[in-house]
Amino acid sequence: MRNLLVFILMVTAFSTTAQNTQKWWKEAIVYQIYPRSFKDTNGDGIGDLKGIIEKLDYIKSLGVTAVWLNPIYSSPNDDNGYDVSDYRNIMSDFGTMADFDLMLAEMHKRDIKLVMDIVVNHSSDEHEWFKQSRSSRDNPYRNYYHWWPAEKGTPPYRYSLFDEKGDAWKYDAQTNSYYLHYFSVKQPDLNWENPKLRQEVYDIMKFWADKGVDGFRLDAFQFAAKDVTYPAFPEGFEKNFVQYYAMQGDLHKYLQEMYEQVFSKYDVMSVAEGAGRNFQEAHELVDENRKELNMAYAFDGVDIPKRTGYSLDHFKTVFSRWDSAFAQEGWLSIFLSNHDQARMVNRYANAKPEYRAASTKMLNTFILSMRGTPYCYYGDELGMTNIGFESIDQYKDIAAINGYKKVVNTGGDVQTYMLDLAFGSRDNGRTPMQWDNTKNAGFGTGTPWLPVNDNYKKINVVAQEKDPHSELNHFKKMVQLRKDHPVLVYGKYTLLQKEHPDVYAYTRELDGKKVLVVLNFTEKKTVIQMPEAGNVGETLINNYDHFSIRKNEILLLPYQALIFELK
Ligand code: GLC
Ligand code: CA
């Protein structure tokens, strides 16, 4: 009995140490840039690497310590760079390898790390590998992709996320076979079961790591391994396709191999998109002793908001469950948006002019005060909003356009689809960065590839830099606060008053230091009663210029966000 107790104590001590081990990537504050939309320097309406270089002082001024760049490799842009035709070259729209080398050097000069997006669940159909692969059945590259010979009949149905018919098999007459594409028809899935393909990918990763990049984000990687016997899936599986596509076969083996060949040889961070189908799988991806990835990037948080709204209770439940599942081991990413989501303020808070600024600050306070590595998507520091397209012709995103065709073809409800797009389309989150109040918001001189939001005259960097109370300055303050207070990075999280309908309150605690975070998620004034109110010390953050505490009550203005030191 006593031995068992000692054992339990040891295990607890050991795992607590693992969780609190200091790592640069745990302390990182990541800024995500969608390069197409950040800054255009040559007037072609498309953001470019020179544009990023031009804005590095701005990025530095935010205080963020790392940049995650969406794909910048050569691509025919069926899915804006997520269809790579050459993994060792820069997309001509974005510039040259010389621009890249300069950008990386300039980032490092400023102590900013660079995380690259690695897109290897699939390539472009214009990649040389695929051109070879489709040319004949005995081509040496044939097995770099998934083929189904037509003489075997129609392949078992697989769902495609971006196909206008939803069909992931595409017939290719040249070899009388079908190829598999979980995403668009121009994004054939790579065959991870082929060791040669895997070696190619590790070599590509080493090519970038040798250049000095500091991390990798593995796009759609949980789908990479497949059961190549292609068993039939039950009817209607597509409604729940992640259950069938994620974490199949030898995925973990491939990650361990990648770790061995790439991650272990460089000081790079690693994160995959998606975190498996449950907490156990999430842990299997990131627990240190397994030697796979550094941090999990789970979707539950961005799946919360619906066009019809969401409940704060649900929000608290999701974030608290993930935190507690990772309280001892593993590490999480914290984010409310990215290039696959509409704007954060529209989805989680309130984009009405009277509440937009306060609610943006409140959401950024949340992201930057949780345990896990925070990711801020470009423009969210300003509270950029959804563009509000009304007609399908305005959309550029393949997911929106092919989704529309599918609804039309299957006699679905087009009106509802358009409302869903207006709320949630990825194009909402891809409009050009709003730099100033000049033409095109200072994005560039040419017509931008996606229109600038009309509100740029008011919501832009220059205006917000001047205003000490702006969303931007609040963001910078929060970043600095996180850097100054390790408790915000490593501290234990405790949810308070889960049942409070308006307020999300929690504490963070580390080595005897304790802070209280209080966030009003509503447009009402509200009040929360808590003994901690009688115990507050210094106010660390406030998105208004005042606040009221009466004995054991904290009174909150609409979307007020407060952080206090607790005595
Ligand atoms: C990931 C990316 C998304 C892309 C898809 C296909 O989900 O985040 O933008 O469209 O993979 O590569
Ligand atoms: Ca350009």
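Nothing here was measured: the structure is a model prediction, and the numbers come from that model. In this chain, numbering begins with 1 at the start of the sequence shown. Numbering of ligands and ligand atoms starts at 1, following listing order.
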**Message:** Show the atoms of ligand 1 that are less than 4.0 angstrom away from any heavy atom in F162.
**Reply:** 10 (O)

**Message:** Between the Ca ion (ligand 2) and D44, which N, O or S atom of the residue is the nearest one?
**Reply:** OD1

**Pair N455, T385: side-chain N/O donor-acceptor within cut-off below 3.5 Å** = yes

**Prompt:** Any N/O/S atom, backbone or side chain, of N42 lying under 3.0 Å from the Ca ion (ligand 2)?
**Reply:** yes

**Request:** Ignoring hydrogens, just give me the one of D79, D117, D219 whose non-hydrogen atom is nearest atom 2 (C) of ligand 1.
**Result:** D219

**Request:** Using distance alone, with no hydrogens and no angle criterion, decide if S333 and R217 have a side-chain donor and acceptor under 3.5 Å apart.
**Result:** no

**R158 charged N/C atom sitting above Y182 aromatic ring, 6.0 Å / 45°** = no

**Message:** Which residue and atom name correspond to the protein heavy atom nearest atom 5 (C) of ligand 1, and how close is it?
**Reply:** F183 CE2, 3.7 Å

**Asked** By atom name, which N, O or S atom belonging to D48 lies closest to the Ca ion (ligand 2)?
**Response** OD2

**Prompt:** Which residue and non-hydrogen atom of the protein lie closest to atom 8 (O) of ligand 1, and at what distance in Å?
**Reply:** D340 OD2, 2.5 Å

**Message:** Is it the case that the side chain of R343 and the backbone of N386 share a donor-acceptor pair, with hydrogens and angles ignored and the cut-off at 3.5 Å?
**Reply:** no

**Prompt:** More than 12 non-hydrogen atoms from neighbouring residues, nucleotides or ligands closer than 6.0 Å to NZ on K196, yes or no?
**Reply:** no

**Fill in**
Quick note on ligand 1: atoms under 4.0 Å from a heavy atom of H122 include exactly 6 (C), 12 (O)

**Message:** Counting neighbours of CG on D454 that are heavy atoms of other residues, nucleotides or ligands and sit closer than 6.0 Å, is the number greater than 12?
**Reply:** no

**Asked** At the 4.0 Å heavy-atom cut-off, does Q341 count as touching ligand 1?
**Response** no

**Prompt:** Can you tell me the protein heavy atom closest to atom 7 (O) of ligand 1 and the distance?
**Reply:** E273 OE2, 2.8 Å

**Message:** As a test of reading the structure, name the N/O/S atom of D40 that is nearest the Ca ion (ligand 2).
**Reply:** OD1

**Prompt:** Side chains of S184 and D78: do they bring a donor and an acceptor to under 3.5 Å?
**Reply:** yes

**Request:** Decide if atom NZ of K457 counts as having more than 12 heavy atoms of other residues, nucleotides or ligands within a radius under 6.0 Å.
**Result:** no

**Item:** Exceeds 12 heavy-atom contacts within 6.0 angstrom, atom NZ of K60
**Value:** yes

**Asked** Within I46, is some N, O or S atom less than 3.0 Å away from the Ca ion (ligand 2)?
**Response** yes

**Contacting atoms of ligand 1, where contact means under 4.0 angstrom from a heavy atom of R426** = 3 (C), 4 (C), 9 (O), 10 (O)

